[in-house]
Trainee: 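Please see the structure below; I have some questions.
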Amino acid sequence: MTEWLLPFFCGLGASVLSAWGVGGGTLLLLVMTLFLGVDQRTAQGINLLFFLPAAASALVCHARAGYLDKPVLKAAVPPAVLAALAGAWISNTVDAGMLRRPFGVYLLLSGVGLLWPGRDTR
């Protein structure tokens with residue numbers, strides 16, 4: 001009965017952090033792989049599903065507020081779709097063990113970037 005409590009509270013905590021803009025999805029990924037024993041591919045899939053409602057909500061809110069730069073959006077979406085398809089293909093053809101180390105390096109660099117952000121270029 002209580003085996004669902006830890007995953008529930010991990011998801012709840014990650015969603016609160018995501019709402020604050022902290023990157024709760026990345027933290028959720030780490031918790032799932034390190035503490036809950038979920039394999040990396042499954043955890044990444046759950047992480048993507050976790051992100052979709054937040055992204056859809058943000059897109060609607062930004063569109064209503066007039067914050068979408070339509071020329072940039074039209075230029076960015078086609079390459080993003082191609083990159084997503086390529087990433088999906090690679091993730092299904094390459095052994096998960098080969099993906100683990102580069103993904104770990106990415107997470108470490110992301111963490112360092114959060115601790116020591118670069119200067120604001122705006």
Trainee: Distance from Leu29 atom CG to Gln40 atom CD, nearest 0.5 Å?
Mentor: 7.0 Å

Trainee: Are Leu68 and Leu52 connected into the same hydrophobic cluster when the rule is that any two of I, L, V, M, F, W, Y join if their side-chain heavy atoms are below 4.5 Å apart?
Mentor: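 No, Leu52 does not connect to Leu68 through the hydrophobic network.
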
Trainee: Linking I/L/V/M/F/W/Y whenever their side-chain heavy atoms sit closer than 4.5 Å, directly or via other members, would Tyr67 and Val60 fall into one cluster?
Mentor: no

Trainee: Within the structure provided, determine whether Ile46 and Thr42 are in side-chain contact (heavy-atom separation under 4.5 Å).
Mentor: yes

Trainee: For Leu85 and Val81, what are the C-alpha separation, side-chain angles and deciding distance, and is it a side chain to side chain contact (heavy atoms under 4.5 Å, CB included)?
Mentor: CA-CA 6 Å; Leu85 290 171; Val81 168; 4.2 Å; yes

Trainee: Restricting to non-hydrogen atoms, name the atom on Ala43 and the atom on Thr33 that form the minimum distance, rounded to 0.1 Å.
Mentor: CB-CG2, 3.7 Å

Trainee: Please report the interatomic distance CD(Gln44) to CG(Leu49), rounded to the nearest 0.5 Å.
Mentor: 12.5 Å

Trainee: State yes or no: do Tyr106 and Val31 share one hydrophobic cluster built from I, L, V, M, F, W and Y residues joined by side-chain heavy-atom distances below 4.5 Å, directly or via other members?
Mentor: yes

